[in-house]
Amino acid sequence: MRRSDRRPLSPAVALVILIYAVLAPMLINSGIADNGDFSRSMQWFIEKPAAFPANWPSDDATWDRRFTKFWIDEWTLKPDAMPAGMESRSSAQILNMAGIAANAVAVTITGSTAYSLRIASIPPRIVQAAAFAGLAVIFYAATASAALTFATMFFVSAVLLDVGYQAFFNSFYEERASLLYLTVLVPATAMAFGTVGGWGWKLLFSAALALFASSKAQFAPTPAILLAVFLVHAGISAFPGLSRRRLLALTGLFLVPQVIALAATSGYEFRNVNAYNATFLGALTFSEDPARHLEAFPPDAARCIGINAFVPGTCFTELGELTSHGKVISIYLNDLPAMAAALRFASGSMNDIALDAYGKTHLDGLITPVFEPALWTGLKGLLPAGLGFYVLALALSGALLPVSRVAGLRAFALAAQFLSAIGVSQTVITVVGDGRAEIAKHLLVANFAFDLALVLTGGLLVHAVVVSPLAGKAFSWRLTPVKGL
């Protein structure tokens, strides 16, 4: 942003930033039970939970207490970390390394040798707060309305601070990295594609996109999806100065992250587990005639339809190697009713960010929450799921088209389109990638993206309507900065 384009920060905007800064630290005592899915990203430096004799308990009662029921703050570090032994090389490892550094600093202050997830969460919480502040400042610069910026950012903070999302920061789940990088991606997009966005901001956008896309295997296709959205958006919004050479350079901002994401997730350890679930806990369960898709499997394979890969038995061990995501896609392409049923199931599973199946009480109740905001969780219950979700997404995208032709709002419209595209595409990717398995958790980031898209679109539409010539004739007021705000 050029110095000449800057305006003094409104007290109202400063206030909403201050409110976020005060409330955010209060969520540091909220966490979510790790169900073992996180192990691939942390076993290279974590030995076990400090309160347990082993990481993988042998008896059912201790297993249930170790997983699913409670979240655990303190962990025992391995005497010698083994970075070469990382099962996952996703960008979530950056947060693990930041957590190790934060805990190393804490040791010098507290003397505790345990690895604390609360301390590890401090660096990402600071980054998210900075991204929120940056988004507030940029939105105010674009709309010149303190009141609208305050209202819009209030609801953005309601999304960001909802315990359904914040609980993941006190965990080893890769979703915590996805949530953080996606938050950063929003202001980065607004600056990179704004009227004064230089190549420094564009490189920041590309870096944020690469981090998000490589945070978890399910987000690897994101750069290609957003590139398609950008090209359509650029054509419709009459993107200024978009020569062939410049378009090629801008395309690179998406293609480089795509290559990085594919490289980071190509060695994914649990690919066969996901492919098995996508087949036997996914595509075949949605088909009205699954038998016709079992020709490449043993004669008794039908017994495994609806059986999760982690259920004790022989289904996964016998059939896992015979499955692939290519076969899953083939089933759907040759059985369109099954595809329709899968999409109905995935879109019908949207809006569940409470994830009540995952415990959010600390082990033995030693750490109690200071503040657990769930305003947005309640509002999510008012949003449509199933077909209604796709209708709402289409309506948001259509409403953003005229907004995208306004120079000052074009970049925010693009950011909202990106967020909406991520939310919609994930309903397809998750069910094709892992079937019905943990569908609500797998759609968490999709919900987060769509929630931000909804809030930003609402703010942009209010601004576009109020400043339009038609509104000026109908009303004598304008939603502009108010003196003293």
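Here the two rings, on F310 and F316, have centers that are 6.0 Å apart or farther.
For L336, the side-chain contact (heavy atoms from CB on, under 4.5 Å) partners two or more places apart in sequence, or in a different chain, are M339. In this structure, the side-chain contact (heavy atoms from CB on, under 4.5 Å) partners of T314, at least two apart in sequence or on a different chain, are R303, T317, E318. Applying the side-chain contact (heavy atoms from CB on, under 4.5 Å) test to T377 and every residue at least two apart in sequence or in another chain returns D162, I353, A354, A374. Residues satisfying the side chain to side chain donor-acceptor pair (under 3.5 Å) test with Y358, not counting sequence neighbours, are E438. Applying the salt bridge (charged side-chain N to carboxylate O under 4.0 Å, His left out) criterion to E321, with sequence neighbours excluded, gives no partner residue.
Note: I72 CD1 to F172 CZ = 9.5 Å, rounded to the nearest 0.5 Å. Remark: L444 CG to I439 CD1 distance equals 12.0 Å, nearest 0.5 Å. Expressed to the nearest 0.5 Å, how far OG of S347 lies from CD of Q426 amounts to 14.0 Å. Residue T189 holds its OG1 atom at 10.5 Å from CG of L253, rounded to the nearest 0.5 Å. N55 contributes atom CG, which lies 9.0 Å from atom CD1 of I46 (distance to the nearest 0.5 angstrom). Between atom OG of residue S404 and atom CZ of residue F412 there is a gap of 14.5 Å, rounded to the nearest 0.5 Å.
Environment of CZ in F155: sparse, with no more than 12 heavy atoms of neighbouring residues, nucleotides or ligands closer than 6.0 Å. Residue-environment remark: CG (D60) stays at or below the threshold of 12 foreign heavy atoms within 6.0 Å.
None of W376, F219, Y165, Y181 except one satisfies the ring-ring contact (aromatic ring centres under 6.0 Å, His included) rule with F448; the exception is Y165. Of the residues listed (I367, L363, L366, I119), the one engaging D73 in a side-chain contact (heavy atoms from CB on, under 4.5 Å) is I367, and it is the only one.
A salt bridge (charged side-chain N to carboxylate O under 4.0 Å, His left out) check over residues 21-33, counting only residues at least two apart or in different chains, returns nothing. Note on residues 302-384: pairs passing disulfide (SG to SG under 2.5 Å), not counting sequence neighbours, are C304-C315. Evaluation of the salt bridge (charged side-chain N to carboxylate O under 4.0 Å, His left out) test over residues 378-391, restricted to residues two or more places apart or in two chains, returns K380-D451. Within the structure, salt bridge (charged side-chain N to carboxylate O under 4.0 Å, His left out) pairs that include any residue of residues 340-353 do not occur (at least two apart or interchain). Identified under the ring-ring contact (aromatic ring centres under 6.0 Å, His included) test for residues 279-309, with sequence neighbours left out: Y276-F280, F280-F297, F286-F345.
No side-chain donor-acceptor contact under 3.5 Å links S397 to the backbone of L394. In this structure, the side chain of K202 engages the main chain of A192 through a donor-acceptor pair within 3.5 Å. Listed for the T110 side chain is a donor-acceptor partner under 3.5 Å among the backbone atoms of A106. For the pair N351 (side chain) and G381 (backbone), a donor-acceptor distance under 3.5 Å is absent. At least one donor-acceptor pair under 3.5 Å links the side chain of S215 to the backbone N or O of F212. The main-chain N or O of L211 is found under 3.5 Å from a side-chain atom of S91 such that the two form a donor-acceptor pair. Side-chain N or O atoms of K48 include none that pairs as donor or acceptor with a backbone N or O of L77 at under 3.5 Å. Panel note: side chain N277, backbone D434; no donor-acceptor pair is recorded below 3.5 Å. Of the possible donor and acceptor atoms, one in the side chain of Q258 sits under 3.5 Å from a partner among the backbone N and O of A220. Using modelled atom types, no side-chain atom of D335 and backbone atom of I331 make a donor-acceptor pair closer than 3.5 Å.
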Test side-chain contact (heavy atoms from CB on, under 4.5 Å) on F168 and L355 and set out the steps.
CA-CA 11 Å; F168 276 79; L355 299 178; 3.6 Å; yes
Show your reasoning for whether side-chain contact (heavy atoms from CB on, under 4.5 Å) applies to F230 and L250.
CA-CA 10 Å; F230 169 72; L250 291 174; 3.7 Å; yes
Derivation of the side-chain contact (heavy atoms from CB on, under 4.5 Å) call for L160 and L452
CA-CA 9 Å; L160 266 58; L452 291 178; 3.7 Å; yes
From CA spacing to verdict: side-chain contact (heavy atoms from CB on, under 4.5 Å), F67, W56:
CA-CA 9 Å; F67 300 105; W56 304 97; 3.5 Å; yes
Do any side-chain atoms of residues 20-32 form donor-acceptor pairs under 3.5 angstrom with protein atoms, and if so which ones, sequence neighbours left out?
{"unit_1": "Y20", "atom_1": "OH", "unit_2": "Q128", "atom_2": "OE1", "d": "3.4"}
{"unit_1": "N29", "atom_1": "OD1", "unit_2": "R118", "atom_2": "NH1", "d": "2.9"}
{"unit_1": "N29", "atom_1": "ND2", "unit_2": "T368", "atom_2": "O", "d": "3.1"}

Could you pull out all donor-acceptor pairs under 3.5 Å where a side-chain atom in residues 95-104 meets a protein atom, sequence neighbours excluded?
{"unit_1": "N96", "atom_1": "OD1", "unit_2": "R176", "atom_2": "NH2", "d": "2.5"}
{"unit_1": "N96", "atom_1": "ND2", "unit_2": "S41", "atom_2": "O", "d": "2.9"}
{"unit_1": "N96", "atom_1": "ND2", "unit_2": "Q93", "atom_2": "OE1", "d": "2.8"}
{"unit_1": "N103", "atom_1": "OD1", "unit_2": "S116", "atom_2": "N", "d": "2.8"}
{"unit_1": "N103", "atom_1": "ND2", "unit_2": "G99", "atom_2": "O", "d": "2.9"}
{"unit_1": "N103", "atom_1": "ND2", "unit_2": "S116", "atom_2": "O", "d": "3.2"}

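Closest of all the heavy-atom pairs between L443 and A346 is CD1-O, 3.4 Å. A296 and K327 make their closest contact through CB-NZ, 4.4 Å (heavy atoms, listed as atom of the first residue, atom of the second, distance).
For T427 and Y390, the side-chain atoms include at least one donor-acceptor pair closer than 3.5 Å. Side chains of Q218 and T430: no donor on one and acceptor on the other come within 3.5 Å.
Under 4.0 Å is where a charged nitrogen must lie from a carboxylate oxygen, and between R66 and D34 no such pair does.
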